[in-house]
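The next block holds one structure in the form of structure tokens; read it before the comments.
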Number of protein chains: 2
Amino acid sequence: MHFLAPPPLGLLLSQTAKVIGRAMEDAMAAEGGTVPVWQVLLTLKTRPVSNQRELAAAVGIQGATLTHHLNAMEDDGLLTRRRSPGNRRVHEVELTERGEELFARLRGVAVGFDQRLRSGFSPEETATLAELLTRLKSSVDDPE
Amino acid sequence: MHFLAPPPLGLLLSQTAKVIGRAMEDAMAAEGGTVPVWQVLLTLKTRPVSNQRELAAAVGIQGATLTHHLNAMEDDGLLTRRRSPGNRRVHEVELTERGEELFARLRGVAVGFDQRLRSGFSPEETATLAELLTRLKSSVDDPE
DNA sequence: ACCATATCATTAGATGTCGAACGATTCGAC
DNA sequence: GTCGAATCGTTCGACATCTAATGATATGGT
């Protein structure tokens, strides 16, 4: 009786992502952050998003999930939301001083973590890995 | 001002895993299953686990999470739990006929999905990807 | 034999995620 | 201009996951 002879690629991928994601969470938590909060902060600082829908898309989560995090971040004093005068449907999101400070700290965490991930590999290997992952994602993501 | 110049490896990994995991969920749902249910079924059929703790470890989830799924699966008539006569702390888990049937169907889904993932790559490429992912996981997972 | 400790599983409460339904506002066709 | 459709964000209910606390049973040291 013959099941799945080779370890399925999807399983290996999800297990690896789980382990790495977990380590990333731990690293972020040590500086008082979380992964989704870091992703929101990074996107706000590095991309011109004009509303929450674009912000959610850039982070890679749904609008409902973003609302959830923005509520918590606003409660924590990391950002403010106010309705745009030009279009009263959209909420303009802006970082507070506290938000800026947390961003700076978490950026250090993210940089260090990325170096840690790359440390066991040659530049060629990381490039190969990035290329294969990108192709894998595209092959499932894009309608082709 | 210089942030994270290259796309961070962890981000690419998590995004790829999210897309592939999502597609896997859709494929499983089309046959009336879910990813965690499939993982539980596969482990029960292919590994000798003598209690739920081992089952959870083999699947890669915590005991509490496993209890959650086993409750649902038992309610759905996919398996039965009964206390071991030898050690009344442990629950012996056994698939029902319905559980066996679902396993057979989901196995087809898993095989097809794995082929789909591999279809855009040469055997050498999939081997390289598997090797790099394994090394990446080990570098973070193992105490070294 | 007894009691402290370890083991196995469940329960309780939290987080992050999603889809669907819902208000509020804007846009566009007529 | 008005009213139906689209857009923006929130709310609601669901699911998978985790940690910590709890209950039930077994083990071991004295």
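To find a chain, count down the sequence lines: A is the first, B the second, and so on, and within it residues start at 1.
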Across all chains, not counting sequence neighbours, the side-chain contact (heavy atoms from CB on, under 4.5 Å) partners of B/K18 are A/I61
Pairs meeting criterion salt bridge (charged side-chain N to carboxylate O under 4.0 Å, His left out) with involvement of residues 48-69 of chain B, two or more places apart: none
What residue pairs, at least two apart or across chains, pass salt bridge (charged side-chain N to carboxylate O under 4.0 Å, His left out) with a residue in residues 25-34 of chain A? A/R22-A/E25
For B/D76, what residues pass the side-chain hydrogen bond (donor to acceptor under 3.5 Å, both in side chains) criterion, not counting sequence neighbours? none
Residue list, side-chain hydrogen bond (donor to acceptor under 3.5 Å, both in side chains) with B/Q62, at least two apart or on another chain: none
First and last nucleotide of DNA chain D, 5' to 3', lying under 4.0 Å from heavy atoms of chain B: D/dA16 to D/dA26
Just jot down the side-chain hydrogen bond (donor to acceptor under 3.5 Å, both in side chains) partners of A/R81, sequence neighbours excluded, or say none. A/N71, A/E74
Can you list the residues that meet the side-chain hydrogen bond (donor to acceptor under 3.5 Å, both in side chains) rule with B/R88, with sequence neighbours excluded? none
Going 5' to 3' through nucleotides 3-17 of chain C, assign each nucleotide B (protein heavy atom under 4.0 Å from a base atom), S (under 4.0 Å only from sugar-phosphate atoms) or - (no protein heavy atom that close). ---BBSSBB----SB
